[in-house]
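Only heavy atoms go into these numbers, but all of them, side chains included; no hydrogens, no water, no symmetry mates.
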Amino acid sequence: MKSLLILASLLFVIFILFQSFMSRQTEQTEKQKYTVLYAEGDFEVRHYPSATVATMRSSARNYRELSGSGFRKVAAYIFGDNDSQEKIAMTSPVHMTMGPQGSSMSFVMPSGYDLTNLPRPNDPEVKLEKTPDEHVAAIRFGGYANDQSIGANIERLEALLKKKGIRSLGNHRYLGYNPPYQVVGRRNEVIVTIDWKGASDVAVTSR
């Protein structure tokens, strides 16, 4: 019994140390830049400047179907499946769009890259694109995401937008910030492009 307690304690310490390491690694990962125009609890209105992304589109109907196949294809590109076999640093978040017209997964490229200096994907399904400048509404939630939690937070976000009289445009997107083996401190978001006409005296905060 004493040996089992010692082993359990040792495993617990290893788990805590590993999760602490993963949290630090996540914090050090380059994140997509945005500016907060309005914040209220876990709800924010943001401005995202244009970014360069690697995108894979598919006929996946939900998060569960897209998260596996989409991630593998785009991850292969940044891990060296490109015309120069160049490894590209992972950034966060990963963008996922699920809608009636199809789905997509996008990795934001590090800030030192643009369409002129990125290697070309070997997989024709992976496309390099520029996103437009946009205003979005975002809502944040923790834990491991699934179709149910994403759907519930889409409903919560739409209810907040309706209450505030803000019109959403297009499909909602899921943003994931953490690797699957990070258990503690997980960050998930649902965002949607909005028709934003903010007041001139709204406080602005860079993120």
Side-chain angles (χ1 to χ4, degrees), residues 22 24-38 44-60 63 65-138 140 145 168-180 182 187-198 204-207:
M22 288 309 308
R24 287 197 300 272
Q25 289 291 104
T26 300
E27 286 301 313
Q28 292 169 4
T29 299
E30 181 181 341
K31 294 179 178 62
Q32 185 179 10
K33 301 297 183 185
Y34 60 83
T35 301
V36 178
L37 302 177
Y38 176 84
E44 291 181 344
V45 172
R46 303 170 179 171
H47 173 257
Y48 278 93
S50 177
T52 305
V53 298
T55 297
M56 195 283 291
R57 291 180 173 80
S58 83
S59 58
Y63 170 82
E65 291 179 0
L66 180 63
S67 58
S69 60
F71 187 89
R72 285 192 297 272
K73 282 183 173 289
V74 188
Y77 165 69
I78 68 168
F79 294 155
D81 186 20
N82 53 65
D83 62 3
S84 62
Q85 299 183 324
E86 181 179 350
K87 290 182 170 57
I88 301 167
M90 185 79 183
T91 69
S92 69
V94 173
H95 289 242
M96 298 174 64
T97 303
M98 289 80 70
Q101 286 78 43
S103 302
S104 67
M105 175 175 285
S106 298
F107 287 11
V108 180
M109 296 294 98
S111 55
Y113 288 98
D114 57 32
L115 294 179
T116 66
N117 61 6
L118 277 167
R120 301 295 103 182
N122 290 333
D123 188 337
E125 291 189 50
V126 178
K127 308 294 184 184
L128 302 180
E129 302 172 337
K130 259 320 231 194
T131 64
D133 282 27
E134 61 177 345
H135 291 96
V136 309
R140 182 170 175 169
S168 61
L169 307 169
N171 292 326
H172 297 80
R173 280 168 275 166
Y174 164 72
L175 307 187
Y177 286 81
N178 311 97
Q182 182 180 342
R187 175 181 177 182
N188 310 287
E189 292 173 346
V190 168
I191 69 171
V192 67
T193 304
I194 57 171
D195 182 13
W196 173 246
K197 296 179 175 64
V204 175
T205 306
S206 294
R207 290 293 176 91

Q. Between Ser92 and Thr29, which heavy-atom pair has the shortest distance, and what is it?
A. N-CG2, 3.9 Å

Q) How long is the gap from CG on Asp81 to CG on Asp123, to the nearest 0.5 Å? A) 6.5 Å

Q. For the residue pair Tyr63 and Ala145, what are the closest heavy atoms and their distance?
A. CE2-O, 3.5 Å

Q | With sequence neighbours excluded, residues passing salt bridge (Lys or Arg N to Asp or Glu O under 4.0 Å) with Glu129 | A | Arg57

(Q) Give me the atom names and distance for the closest heavy-atom approach of Ser84 to Pro119. (A) OG-CB, 3.2 Å

Q | Closest contact, heavy atoms only, Lys33 versus Pro49 | A | O-CD, 3.5 Å

Q: Scan residues 96-117 for pairs that pass ring-ring contact (aromatic ring centres under 6.0 Å, His included), counting only residues two or more places apart or in two chains.
A: Phe71-Phe107

Q: Supply the atom-to-atom distance His47 NE2 to Glu134 CD, rounded to the nearest 0.5 angstrom.
A: 8.5 Å

Q | Partners passing side chain to side chain donor-acceptor pair (under 3.5 Å) against Ser50 (at least two apart in sequence or in another chain) | A | none

Q.
Walk me through whether Asp83 and Asn122 qualify under side chain to side chain contact (heavy atoms under 4.5 Å, CB included).
A. CA-CA 6 Å; Asp83 62 3; Asn122 290 333; 4.3 Å; yes

Q: Could you check Thr193, Ile194, Asp195, Thr35 and say which one makes a side-chain contact (heavy atoms from CB on, under 4.5 Å) with His135?
A: Ile194

Q: Could you pull out the closest heavy-atom pair between Gly70 and Met105, with the gap in Å?
A: C-SD, 3.4 Å

Q) Is it true that Lys31 and Glu189 have a side-chain N and a carboxylate O under 4.0 angstrom from each other? A) no

(Q) Which residues pass the ring pair (Phe, Tyr, Trp, His ring centres under 6.0 Å) test with Tyr77, not counting sequence neighbours? (A) none

Q.
Restricting to non-hydrogen atoms, name the atom on Leu115 and the atom on Arg120 that form the minimum distance, rounded to 0.1 Å.
A. O-NH2, 2.9 Å

Q: Look up atom NZ in Lys73 and atom OG1 in Thr55, then write down how far apart they are to the nearest 0.5 Å.
A: 14.0 Å

Q: Could you walk me through whether Gln32 and Thr91 pass the side chain to side chain contact (heavy atoms under 4.5 Å, CB included) test, one step at a time?
A: CA-CA 7 Å; Gln32 185 179 10; Thr91 69; over 6 Å; no

Q: Run the numbers on Ile88 and Leu118 for side chain to side chain contact (heavy atoms under 4.5 Å, CB included), then give the verdict.
A: CA-CA 9 Å; Ile88 301 167; Leu118 277 167; 4.0 Å; yes

Q: Nearest 0.5 Å please: distance from the OG atom of Ser59 over to the CD atom of Glu65.
A: 7.5 Å

(Q) How long is the straight-line distance from NE2 of His95 back to OG1 of Thr131, given to the nearest 0.5 Å? (A) 7.5 Å

Q. Residues in side chain to side chain donor-acceptor pair (under 3.5 Å) with Thr116, at least two apart?
A. Asp114

Q) Under the salt bridge (Lys or Arg N to Asp or Glu O under 4.0 Å) test, which residues partner Asp133, sequence neighbours left out? A) none

Q.
So, taking the atom named NE2 in His172 and the one named OG1 in Thr97, what distance separates them when rounded to the nearest 0.5 Å?
A. 11.0 Å

Q) Between Val74 and Arg72, is any pair of side-chain heavy atoms under 4.5 Å apart? A) no

